[in-house]
Chemist: 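My structure is below; once you've seen it, I'll send some questions.
Each chain gets a letter, A, B and so on, in the order the sequences are listed, and its residues count up from 1.
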Protein chains: 2
Amino acid sequence: MTGVKDNTGGQTRIQRDKIAQISEAALDVFSTHGFRGATVDQIAKAASLSKPNLLYYFPSKEAIHTHLLENLLDTWLDPLRQINPDGDPLDEILTYVRRKLTMSRDMPRESRLFAYEIIQGAPNMGAGLEEVLKPLVDGQAQVIRGWMEDGRLRPADPHHLIFSIWSLTQHYADFDVQVRTVLGPKVTDPFPQAEDYLVTLFTRMLAP
Amino acid sequence: MTGVKDNTGGQTRIQRDKIAQISEAALDVFSTHGFRGATVDQIAKAASLSKPNLLYYFPSKEAIHTHLLENLLDTWLDPLRQINPDGDPLDEILTYVRRKLTMSRDMPRESRLFAYEIIQGAPNMGAGLEEVLKPLVDGQAQVIRGWMEDGRLRPADPHHLIFSIWSLTQHYADFDVQVRTVLGPKVTDPFPQAEDYLVTLFTRMLAP
DNA sequence: GTCTATAACACGATAGAC
DNA sequence: GTCTATCGTGTTATAGAC
């Protein structure tokens with residue numbers, strides 16, 4: 001009983017707030033410039049903190065980055081986790097596609113942070129990929145494979161199906177500049193078009 | 001007639017060779033660490049040159065990077081350029097998909113260099129996107145649209161069709177680590193599987 | 001708990017001998 | 001044309017006053 005703590009997990013309220021504040025700023029900076037491109041100065045300024053003060057809450061620049069990635073993976077995989085084995089197969093897939101596309105629209109910074117990390121060879125996420133992502137994907141791939149074997153979806157490799165959903169939805173976040181340049185200034189929001197296209201694509205691919 | 005020059009474009013043979021040698025090394029380093037993550041030291045070492053000697057051939061680190069990107073764009077868009085308006089529509093699309101996937105397999109460094117640049121907002125390629133990529137895409141999108149209007153392909157947004165081909169094929173280069181982790185060590189080469197999947201996907205999407 | 005000052009280092013780029 | 005030595009800057013991280 002310390003009396004001075006008001007926490008969930010060994011942190012005071014102030015610490016929790018500051019850490020959240022730094023995380024928010026760091027997400028901004030890391031997702032724009034990458035890990036090496038980002039500087040502690042930038043993050044401190046974005047968080048309205050002095051640099052030494054920031055380094056009081058996190059021991060190093062890398063610690064901030066790792067903290068962000070650790071918290072991100074669960075959020076990022078949540079839509080995949082929500083695929084319901086008892087639902088209608090095509091509905092479940094299309095709902096998954098829509099959720100992932102919505103995340104690309106509403107969380108482009110997280111998408112880019114993730115993309116930077118994977119492109120670089122996931123130097124700060126080795127355990128997460130092997131121990132969290134792979135088992136989840138394998139499990140849901142089995143569910144999808146079951147649907148295909150029951151004739152409720154047209155057959156296709158379930159792992160590559162999941163890859164394709166990731167790839168296509170995240171493209172609209174990570175390559176936003178390219179998408180907007182090609183579509184031209186008249187298209188203020190590419191996402192409704194993207195949703196129509198992707199629903200059509202996966203319906204034609206999977207509807208029995 | 002200078003006599004000492006053996007060139008195509010105002011460079012001696014030695015200069016041309018060294019520049020090629022530096023470009024090769026820089027592609028390695030930039031595609032692994034990104035622009036900011038790469039150091040001139042690393043590039044010089046990879047090119048078996050001293051740092052000052054490298055900076056004798058290129059005025060700055062940024063100049064090397066720009067040089068790479070300028071030479072890359074044409075190569076990168078070549079498969080799209082080769083779509084033949086007089087060919088069989090589905091064949092042309094599937095050939096394009098296969099070519100792009102082959103490039104992901106054989107030129108993953110170029111793919112990553114490109115991905116880094118676009119994710120960052122294309123700070124060194126603003127002109128190229130607007131003046132080279134967009135016109136080419138618009139032109140080929142018109143060809144595809146014509147095929148769809150003639151009933152030779154099922155209708156779909158041609159711009160997003162091209163986005164999806166880019167996204168899916170480049171995914172296997174840029175997110176290689178993730179793909180291999182999920183597929184597991186038994187799959188030594190993901191590309192044959194990927195080709196099968198993508199051919200199926202676009203055939204079901206487009207075959208009339 | 002927060003700030004100023006600064007250490008310690010790596011980086012890009014240059015100068016000058018050879 | 002190539003090398004060694006080095007400058008100046010920007011960076012992470014720490015020490016110590018308040």
Chemist: Take the protein atom CG of B:Leu49 and the nucleotide atom P of D:dG1, then report the distance between them rounded to whole Å.
Modeler: 13 Å

Chemist: In whole angstrom, what separates B:Lys61's NZ from C:dG12's P?
Modeler: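 The distance from NZ of B:Lys61 to P of C:dG12 comes to 5 Å, rounded to the nearest Å.
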
Chemist: Report yes if a side-chain nitrogen or oxygen of B:Lys51 is closer than 4.0 Å to either non-bridging phosphate oxygen (OP1 or OP2) of D:dT4; otherwise report no.
Modeler: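 Indeed not, no polar side-chain atom of B:Lys51 lies that close.
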
Chemist: Would you indicate whether the side-chain heavy atoms of A:Val199 and A:Val97 approach each other to under 4.5 Å?
Modeler: no

Chemist: Please report the distance, rounded to the nearest Å, between CG in A:Leu54 and P in C:dT2.
Modeler: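 Value for this atom pair: 12 Å.
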
Chemist: Using a cut-off of 4.0 Å on non-hydrogen atoms, how would the nucleic acid contact of A:Ala38 be classed: base, sugar-phosphate, or nothing?
Modeler: sugar-phosphate

Chemist: Taking the side chain of A:Gln15 as heavy atoms from C-beta outward, which of C:dG1, C:dT14, C:dC3 is closest to it?
Modeler: C:dG1

Chemist: By nearest nucleotide on DNA chain D, pick out whichever of A:Glu62 and B:Ser50 is the more 5' one.
Modeler: B:Ser50

Chemist: I would like to know whether A:Asp74 and A:Arg81 meet salt bridge (charged side-chain N to carboxylate O under 4.0 Å, His left out); could you show each step before the answer?
Modeler: CA-CA 9 Å; A:Asp74 272 350; A:Arg81 212 173 273 115; 3.6 Å; yes

Chemist: Rounded to whole angstrom units, what separation is found between the CG atom of B:Asn53 and the P atom of C:dG16?
Modeler: 19 Å

Chemist: Among C:dC3, D:dT2, D:dT11, find the nucleotide with the atom closest to the side chain of B:Tyr57.
Modeler: D:dT2

Chemist: For atom NZ of B:Lys134, is the number of surrounding heavy atoms from other residues, nucleotides or ligands below 6.0 Å larger than 12?
Modeler: yes

Chemist: Using whole Å, what does the distance between atom C1' of nucleotide C:dA10 and atom NZ of B:Lys45 come to?
Modeler: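 That distance rounds to 15 Å.
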
Chemist: Please determine whether a side-chain nitrogen or oxygen atom of B:Tyr56 lies at a distance below 4.0 Å from atom OP1 or OP2 of D:dC3.
Modeler: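 B:Tyr56 to D:dC3 OP1/OP2: no side-chain N or O under 4.0 Å.
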
Chemist: Can you identify which nucleotide, out of D:dA15, D:dA5, D:dT2, has its nearest atom closest to the B:Lys18 side chain?
Modeler: D:dT2

Chemist: Please report the distance, rounded to the nearest Å, between CG in A:Asp17 and P in C:dT2.
Modeler: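 Answer to the nearest Å: 11 Å.
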
Chemist: Nearest whole Å is fine: how far is D:dA5 C1' from B:Asp41 CG?
Modeler: 14 Å

Chemist: As a test of reading the structure: which of D:dT14, C:dG12, D:dT4 is closest to the side chain of A:Pro52, going by heavy atoms?
Modeler: D:dT14

Chemist: Charged N to carboxylate O under 4.0 angstrom, A:Asp41 versus A:Lys45?
Modeler: no

Chemist: Rounded to whole angstrom units, what separation is found between the CZ atom of A:Arg36 and the P atom of C:dC9?
Modeler: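 My rounded result for the distance is 17 Å.
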
Chemist: For A:Phe58, answer base if it contacts any base atom (sugar-phosphate contacts may also be present), sugar-phosphate if it contacts only those atoms, and nothing otherwise; contact means non-hydrogen atoms under 4.0 Å.
Modeler: nothing

Chemist: So B:Arg105 and B:Tyr172, do their side chains get closer than 4.5 Å, heavy atoms only?
Modeler: no

